[in-house]
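Comments concern the structure below.
As the structure lists them, so they are numbered: ligands from 1, and atoms in each ligand from 1. Note that the structure is a prediction, hence the values are computed from the model and not measured.
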Amino acid sequence: MRHFTSVADIGDIPSAISEALAIKSDRFAYKHLGENRTLLMIFFNSSLRTRLSTQKAALNLGMNVMVLDVNQGAWKLETERGVIMDGDRPEHLLEAIPVMGSYCDVIGVRSFARFESKADDYSEKIISQFIEHSGRPVFSMEAATRHPLQSLADLITIEEHKTVDRPKVVMTWAPHPKALPQAVPNSFAEWITAAGYDLVITHPHGYELDPRFTAGATIEYDQDKALAGADFVYAKNWSAYADPNYGKVLSTDRAWTVTAEKMALTNNAFFMHCLPVRRNMIVSDDVIEGPRSLVIPEAANREISAQLVLKRILQDLP
Ligand code: CP
């Protein structure tokens with residue numbers, strides 16, 4: 001593997017899941033692969049799970065790790081070409097990227113959608129520049145339109161808990177006070193359909209996702225109908241994708257909060273969320289704390305998804 005930004009980079013999904021479960025059963029078996037190799041993790045946005053799990057995965061593989069929080073302690077970076085740099089950003093990404101590449105062997109990048117330009121967000125302007133100019137393998141630690149390490153961890157978690165070959169997976173929009181990117185739901189939709197599961201997506205009118213990600217899923221605007229018979233309920237908020245409301249919050253209707261009453265409509269479903277989660281907006285306390293909640297094992301599997309990706313990148317380094 002050279003770069004990892006979407007499900008297209010993982011190859012055969014059953015093979016990837018088998019490899020992930022083998023890593024999980026013996027996570028230090030490949031410690032030699034990372035010897036004298038350095039991972040640089042670059043964060044344009046905050047993180048708890050991605051930061052810790054990816055660092056742990058790299059340490060499991062014997063790598064050295066450096067972490068740069070671009071907005072804390074580094075020069076503020078200009079990202080647009082052609083700008084007269086007379087403002088508060090003294091360094092351009094086009095110098096910073098190859099400099100960063102010169103200090104490491106592998107680069108992880110977190111850079112969320114900015115909601116300034118849908119075209120820029122959906123062309124993945126930031127991570128694409130790292131791929132083009134760093135000279136290093138680059139993997140996404142959540143980019144503008146996808147969060148593939150999260151989706152791979154989600155898939156591993158479903159594989160570990162499913163009791164039928166093709167479980168019914170329901171991804172439900174749930175309310176949140178602030179505008180969130182579409183990266184997690186886009187990515188979850190494309191990974192779950194690629195894995196061949198039945199995916200139903202439910203959300204209020206106006207929250208339709210980019211159809212390039214949801215092809216193969218069923219869209220159901222009635223949340224109760226969608227939840228009927230579900231084996232897994234994946235809750236997530238996202239802001240509007242469709243123009244002219246791109247990046248806007250159209251609803252904070254708490255009738256969409258995942259509660260015990262909502263979960264009672266399912267086939268005793270497991271509850272999933274990528275975290276961080278706003279309790280009693282997205283999900284009620286009793287559901288997230290209940291016996292069918294998978295949020296902690298799901299987060300723990302972030303170490304495994306990161307390790308699988310780093311292992312494959314290390315194995316293909318020249
Ligand atoms: N799920 C996830 O990516 O968590 P962080 O934002 O804390 O990394």
| note | Nearest non-hydrogen contact to atom 6 (O) of ligand 1 from the set R51, R110, H273 belongs to R110
| field | Cationic N near anionic O, under 4.0 Å, E303 to K24 | value | no
| said: With heavy-atom distances below 4.0 Å as the criterion, list the atoms of ligand 1 near L48. | reply: 5 (P), 7 (O), 8 (O)
| query | Any side-chain donor paired with an acceptor under 3.5 Å for R27 and Q307? | reply | no
| remark: ligand 1 atoms nearer than 4.0 angstrom to some heavy atom of R302 are 1 (N), 2 (C), 3 (O)
| query | So V184 and W238, side chain to side chain contact (heavy atoms under 4.5 Å, CB included) or not? Walk me through it. | reply | CA-CA 8 Å; V184 169; W238 61 89; over 6 Å; no
| message | Quick check: do L77 and F44 have side-chain heavy atoms less than 4.5 Å from each other? | response | yes
| task | Return yes or no for this condition: an N or O of E142 is under 3.5 Å from an N or O of ligand 1. | result | no
| task | Identify the residue among R51, R110, K76 that makes a salt bridge (Lys or Arg N to Asp or Glu O under 4.0 Å) with D69. | result | R51
| query | If you measure only the distance, is there a donor-acceptor pair under 3.5 Å linking the side chains of T5 and E124? | reply | no
| task | Considering only non-hydrogen protein atoms, determine which one is nearest to atom 3 (O) of ligand 1 and report residue, atom name and distance to 0.1 Å. | result | H147 NE2, 2.8 Å
| said: Give me the nearest non-hydrogen protein atom to atom 4 (O) of ligand 1 as residue plus atom name, then the distance to 0.1 Å. | reply: R49 NE, 2.9 Å
| M141 and ligand 1 - part of the residue with a heavy-atom distance under 4.0 Å | neither
| task | Run down the list L52, V277, L275, L149 and name the one with the heavy atom closest to atom 1 (N) of ligand 1. | result | L275
| task | Report the part of V184 in contact with ligand 1, treating N, CA, C, O as backbone and CB onward as side chain, heavy atoms under 4.0 Å; options are side chain, backbone, both, neither. | result | neither
| So is there a nitrogen or oxygen of P276 less than 3.5 Å from a nitrogen or oxygen in ligand 1? | no
| field | Atom of A269, atom of A230 and distance for their closest heavy-atom approach | value | CB-O, 3.3 Å
